[in-house]
Amino acid sequence: MKDKVPRKFIPVMLTPFKENGEIDFDGLGKLTELYIQAGAKGLFANCQSSEMYQLSADERLQIVNQTLKIADGRVPVVAVGNFGETIEEQAAFVRRIYDTGVNAVIIVTSLVAEENESDEVFDQRIFELFRLTENIPLGFYECPEPYKRVLSAQQLEKFTATGRIIYHKDTCLDIDQIKSKIQSTHDIPSFGLYDAYAVNAVASLEAGAAGLSCIQGNFFPELIAWLCDHFNDIHANGNVTKVQEFLTGHMEVIHHAYPLVAKYYLQKRGIHINTFTRTPTEAFTSDVKEKVDSLFEEYQHLKRELGYELSKV
């Protein structure tokens, strides 16, 4: 039964850059190790947090290869692959990403159809993508850029019934929709829904989500892993409530100037990466810095209450 399956933290990985804007592959290796040591049960490389839209095709392949090299089979790795103007071009890059050795290739829903195009058009293109990629395991990502295209429970049921979809990163922000999607895919043992919205973290896990894939995992990955392990632990009820309140209460600071703020936060943790981002962000002002510093201190207190140490790499 899916209800008995352990929940998993799948981080949406950052891409560290050098001061000159080149990819810092050594820093990427350190981050990969951090995620794994912190309790991640898989890795989502080449996603929006990775600044995938600011990477060239070769760079996308390079960061996936580096992630696979450092992970070395310890956890599964998935990565976005449907880049291209046409479904044929997207299918071709899906195959290139899969050839790196990833466990599944993720499809950004908003790259399949324009915002003004119907679900019928979207569905037709997805099935064409299935045909052109043969038996490659796939997943969906309701990425907010270039726009957010949220799948319905009925669509997800139809796609997962093919056996091709193993992962879905959900960004609908609606717990009722989450419950409907989980219910409609409950009988597909190979499939898992991972919620990106930390405000609904506990509610989604309780509803049967396979785990969490939220950006908070780039600040305190141990905390997200802890929540996946303890969300239904009757002996940890008080702490589970504290963790959910902590996540909900710090949404604004975590999202402002992201992913730059996440890289700054990791620096405070002792991870030697640069805060350079290719993605334009809001200004990292002294006020924002003060809020992130305060977040860091609050987390030190919370982790002591929960009784674990920060992972070292």
Side-chain angles (χ1 to χ4, degrees), residues 10-36 40 42-73 75-112 129 133 136-141 143-147 167 169 196 213 215 217-218 257-264 266-267 271-281 313:
I10 311 292
V12 284
M13 297 179 64
L14 299 172
T15 299
F17 296 101
K18 299 176 182 178
E19 190 64 47
N20 63 3
E22 294 178 357
I23 296 173
D24 176 6
F25 289 102
D26 182 60
L28 179 57
K30 289 184 173 68
L31 273 184
T32 304
E33 193 63 41
L34 170 66
Y35 296 128
I36 295 173
L43 299 168
F44 188 175
N46 192 41
C47 56
Q48 187 175 18
S49 287
S50 312
E51 305 182 62
M52 62 182 181
Y53 292 126
Q54 280 69 45
L55 300 174
S56 68
D58 285 344
E59 287 175 328
R60 291 165 182 158
L61 293 165
Q62 289 166 2
I63 66 167
V64 171
N65 278 315
Q66 173 72 345
T67 302
L68 287 162
K69 177 182 176 182
I70 302 301
D72 194 25
V75 297
V77 177
V78 301
V80 170
N82 66 317
F83 297 98
E85 295 299 319
T86 66
I87 290 300
E88 290 75 15
E89 291 173 352
Q90 291 188 20
F93 202 75
V94 165
R95 293 193 294 271
R96 291 184 70 187
I97 288 287
Y98 190 63
D99 285 345
T100 64
V102 297
N103 295 79
V105 182
I106 308 305
I107 305 305
V108 170
T109 55
S110 56
L111 296 180
V112 174
L129 192 58
T133 54
I136 294 174
L138 302 172
F140 290 123
Y141 174 19
C143 183
E145 297 292 339
Y147 74 96
Y167 171 97
K169 181 181 174 182
S213 283
I215 67 172
N218 284 317
Y258 182 83
L260 188 157
V261 291
K263 295 178 180 183
Y264 171 72
L266 289 168
Q267 282 185 346
I271 308 300
H272 299 297
I273 59 172
N274 201 284
T275 60
F276 183 96
T277 65
R278 293 183 184 178
T279 303
T281 70
V313 295

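Residue indices begin at 1 and follow the sequence shown. The structure displayed is predicted, hence computed values, not measured ones.
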Query raised in the report: Would you call R95 and D99 a salt bridge, using N to O less than 4.0 angstrom?
Result: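 Between D99 and R95 there is no salt bridge, as every charged N stays at least 4.0 Å from the carboxylate O atoms.
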Requested in this report: Output, in order, the C-alpha distance, side-chain angles, deciding distance and verdict of side chain to side chain contact (heavy atoms under 4.5 Å, CB included) for Q62 and L55.
Outcome: CA-CA 10 Å; Q62 289 166 2; L55 300 174; over 6 Å; no
Can you tell me how far [atom2] of [Y] sits from [atom1] of [X], rounded to the nearest 0.5 angstrom?
| X | Y | atom1 | atom2 | answer |
| --- | --- | --- | --- | --- |
| Y141 | T109 | OH | OG1 | 9.5 Å |
| I36 | L31 | CD1 | CG | 11.0 Å |
| E19 | D24 | CD | CG | 11.5 Å |
| L260 | T275 | CG | OG1 | 5.0 Å |
| F25 | T67 | CZ | OG1 | 9.5 Å |

Is the backbone N or O of [Y] less than 3.5 Å from a side-chain atom of [X], with the two atoms forming a donor-acceptor pair by type?
| X | Y | result |
| --- | --- | --- |
| Q54 | R278 | no |
| Y167 | F44 | no |
| K263 | F276 | yes |
| S50 | A45 | no |
| Q267 | I273 | yes |
| Q90 | L111 | yes |

Query - Pair T15, E51: side-chain N/O donor-acceptor within cut-off below 3.5 Å - result: no
Report task. State whether a side-chain donor-acceptor pair under 3.5 Å links S49 with Y258. Result ->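 Indeed, the side chains of S49 and Y258 share at least one donor-acceptor pair under 3.5 Å.
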Testing the basics here: between [X] and [Y], what is the closest heavy-atom pair and its distance to 0.1 Å?
| X | Y | answer |
| --- | --- | --- |
| P144 | Q48 | CD-OE1, 3.2 Å |
| I23 | K18 | O-CE, 3.9 Å |
| T281 | P259 | CG2-CD, 4.2 Å |
| Y53 | P146 | OH-CD, 3.5 Å |

Query - Worked check of side chain to side chain contact (heavy atoms under 4.5 Å, CB included) between L138 and Y98 - result: CA-CA 10 Å; L138 302 172; Y98 190 63; over 6 Å; no
Report task. Answer whether the closest heavy-atom distance between the side chains of N274 and F17 falls below 4.5 Å. Result -> no
Query raised in the report: Does P16 reach the side chain of K30, with side-chain heavy atoms less than 4.5 Å apart?
Result: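 They are not in side-chain contact.
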Report task. Determine, stepwise, if the pair K169 / C47 fulfils side chain to side chain contact (heavy atoms under 4.5 Å, CB included). Result -> CA-CA 11 Å; K169 181 181 174 182; C47 56; 6.0 Å; no
Tell me which one of [options] satisfies side chain to side chain contact (heavy atoms under 4.5 Å, CB included) with [X].
| X | options | value |
| --- | --- | --- |
| L43 | N103, V78, T32 | T32 |
| R60 | N65, T100, N46 | N46 |
| V105 | I136, N82, V64, T133 | I136 |

Query - Worked check of side chain to side chain contact (heavy atoms under 4.5 Å, CB included) between Y35 and L14 - result: CA-CA 11 Å; Y35 296 128; L14 299 172; 4.0 Å; yes
